[in-house]
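Step one of this worksheet: look at the structure below.
Chain letters run A, B, ... following the sequence lines, proteins first, then strands; residues in each count from 1. Values in this document were obtained by computation on a predicted structure and should not be read as measured data.
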Amino acid sequence: MLQIPFIRDNRDATLAGLQKKRFANAETAVDQVLALDQQRRDTQKELDDVLARSNAMAREIGALMKAGQKAEAETAKAETAQLKTRSKDLEETLKTVEQQLQAVLVTLPNLPHSSVPEGRSAEDNEVVLQNGAVPTLAEGALPHWELIKKYDIIDFDLGNKITGAGFPVYKGKGARIQRAMINFFLDQALQAGYLEIQPPIVINEDSGFGTGQLPDKEGQMYYITEEKLYLIPTAEVPITNLYRDVILADDQLPVKNAGYTPCFRREAGSWGAHVRGLNRLHQFDKVEIVQIRKPEESYEALEEMSRYVQSLLQKLELPYRVLRLCGGDMGFTSALTYDMEVFSAAQQRWLEVSSVSNFESYQANRLKLRYRVEGKTQLLHTLNGSALALPRILAAILENNQTPEGIRIPEVLVPYCGFDRIS
RNA sequence: AGAGGGAUGGCGGAGUGGUCGAUCGCGGCAGUCUUGAAAACUGUUGACUGUAACAGGUCCGGGGGUUCGAAUCCCUCUCCCUCUGCCA
């Protein structure tokens, strides 16, 4: 959530930022926020004055009662009646205004960092760098959805039978390589100084609000009606929410957490041509890294996280590129996002396997996540990134490493897998 | 799931209608003493909002109510503990 004092002092910058994010009707929304904020503060002031007088009266009545001046006390009591009516009215107004203000405010996305390129869609994203040779496959190379059948390592039909589309069943070496990747990614994160967290994979409404999934994006999450809980779309949600309503001490910073969880996404309306096989699933596995930093360090941390994710891709011997997302393609809550894409040779496509973002104070403001500077509390910055999401990594490994003798397992994974080839 | 008990400041723990934002202890911070440290002593120590700064307002698990006035009484929800039941 954007901070109202910031909007108040930087109306033009806010508008420019929202426009870069391709937010429609920015001016209307911002002016609405400012008007409601003014109304809120006026109402609050008046209410405070009325309450101050009520409090004074109550104390007076108390003193009169003690002194035994009953008649005077009764007179004073009668006077408080209208104060009370007035304060009730004002409270109601305040509540309404606050709700209206909140309703508009939560629709405003985070403002983009100055380095974010202008643009409308994925086509306008900026390629920051590309690394690794794109492999040339032999004649008759297969896409991963054929390979998984050929080697019988992932079964979509079985998943269909017991659950539904987008819930694959991993078998044999398919299951083992999943387990291997999870362990590899967690071990790497540990070495990079992250604390391993194993969070719940269902979250409540407050947590959904804290990281920006709610309101509005509930359609993307699976919902358990009986308990009013959501299945997590990413470990970002439970891990970042560990720090909801927290004031961190200096010696607790920076926070670096990593966690493996399954992730659940309804992906309503996004099924189409390019979602075959492992490209898009309702349930998938991911190791997520989360950092909480002081504002002045957060962009340095973002670069560090980007380099870390790249180091994983290098170790996996996958050709990749890094994109700086344009304003129109960025996430709602992000100020700057790097997407890491690996090249999947048989599909001849770049697949997004990680998204590393700095949310600045946008989530922290919702979470009330702060630290102290010279006695005053101040919002921290939150960042996160996938490190990494499994299915598309697996797709790329299968396609890029296929040989007549089978699938070659990247060297770093061999000790984790216990085999060096799928054949 | 049934019966009972509970939820107060970083922690422990008072407070059961009137200067209570809350006694006290521990912890933290600052100081005195000390070559230094410890001990002892003194002071200080919640958050949000608001103001140029004061003032003012809100917060004693969440929400609602009674009252001139509530941490204190009532209703409700959530969570925790004990006993009984059930079960990985």
Pick the [atom1] atom in [N] and in [M], then give their distance to the nearest Å.
N      : M      : atom1 : answer
G56(B) : G61(B) : P     : 25 Å
C68(B) : C54(B) : C1'   : 28 Å
C24(B) : G15(B) : C1'   : 11 Å
A71(B) : U19(B) : C1'   : 15 Å
A3(B)  : G85(B) : C1'   : 11 Å
G18(B) : G13(B) : P     : 25 Å
U44(B) : U23(B) : P     : 13 Å
A22(B) : G46(B) : C1'   : 11 Å

Among [options], the nucleotide that comes nearest once only the side chain of [X] is considered:
X         : options                : result
Ile247(A) : G57(B), A47(B), G18(B) : A47(B)
Thr80(A)  : G50(B), G57(B), C68(B) : C68(B)
Leu51(A)  : G57(B), C68(B), G50(B) : G57(B)

Take Thr234(A) and Lys286(A) through the test side-chain hydrogen bond (donor to acceptor under 3.5 Å, both in side chains) and record every step on the way to the result. CA-CA 8 Å; Thr234(A) 157; Lys286(A) 180 159 65 68; 2.8 Å; yes

On RNA chain B, does the nearest nucleotide to Gly62(A) precede the nearest nucleotide to Arg41(A) from the 5' side, or the other way round? Give the residue.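 Closer to the 5' end of RNA chain B: Gly62(A).
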
On RNA chain B, nearest-nucleotide positions of Lys376(A) versus Asp49(A): which is more 5'?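 Here Lys376(A) is the residue nearer the 5' end.
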
For Ala76(A), which contact category applies under a 4.0 Å heavy-atom criterion: base, sugar-phosphate, or nothing?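 If one applies the 4.0 Å heavy-atom cut-off, Ala76(A) turns out to touch nothing in the nucleic acid.
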
Using a cut-off of 4.0 Å on non-hydrogen atoms, how would the nucleic acid contact of Lys84(A) be classed: base, sugar-phosphate, or nothing? base

Measure the distance from [atom1] on [X] to [atom2] on [N] and round it to the nearest whole Å.
X         : N      : atom1 : atom2 : answer
Arg372(A) : C48(B) : CZ    : C1'   : 13 Å
Lys88(A)  : U67(B) : NZ    : C1'   : 10 Å
Leu90(A)  : G57(B) : CG    : C1'   : 13 Å
Leu379(A) : A47(B) : CG    : P     : 15 Å
Leu248(A) : G10(B) : CG    : P     : 14 Å
Glu60(A)  : U19(B) : CD    : P     : 16 Å
Asp206(A) : G63(B) : CG    : C1'   : 13 Å
Arg370(A) : U49(B) : CZ    : C1'   : 12 Å

Would you say the base of G57(B) and the side-chain of Asp48(A) have a donor-acceptor pair closer than 3.5 Å?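 Result: no qualifying N/O pair found.
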
Given [N], is OP1 or OP2 found less than 4.0 Å from the side-chain N or O atoms of [X]?
X         : N      : value
Thr377(A) : C48(B) : yes
Lys95(A)  : G64(B) : yes
Lys77(A)  : G69(B) : no
Asn55(A)  : U58(B) : yes
Arg53(A)  : G56(B) : no

In the structure shown, which nucleotide is the Watson-Crick or G-U wobble counterpart of [N], with both distances under 3.5 Å?
N      : answer
U82(B) : A3(B)
U66(B) : none
G27(B) : U45(B)

With a 4.0 Å cut-off, would you call Lys171(A) and Asp155(A) a salt bridge? yes

Closer than 4.0 angstrom, basic N to acidic O: yes or no for Arg86(A) and Glu46(A)? yes

Can a side-chain donor-acceptor contact be found between Asn125(A) and Tyr338(A) if the only test is distance below 3.5 angstrom? no

With Arg179(A) as the cation and Tyr416(A) as the aromatic partner, state whether NZ or CZ is under 6.0 Å from the six-membered ring centre and within 45° of the axis. no

Please report the closest heavy-atom contact between Asn384(A) and Phe359(A), naming both atoms and the distance.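 Heavy atoms only, the tightest pair is ND2-CE1, 3.1 Å.
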
To the closest 0.5 Å, what do you measure between CD (Glu360(A)) and CG (Leu379(A))?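 Glu360(A) atom CD to Leu379(A) atom CG measures 11.5 Å (nearest 0.5 Å).
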
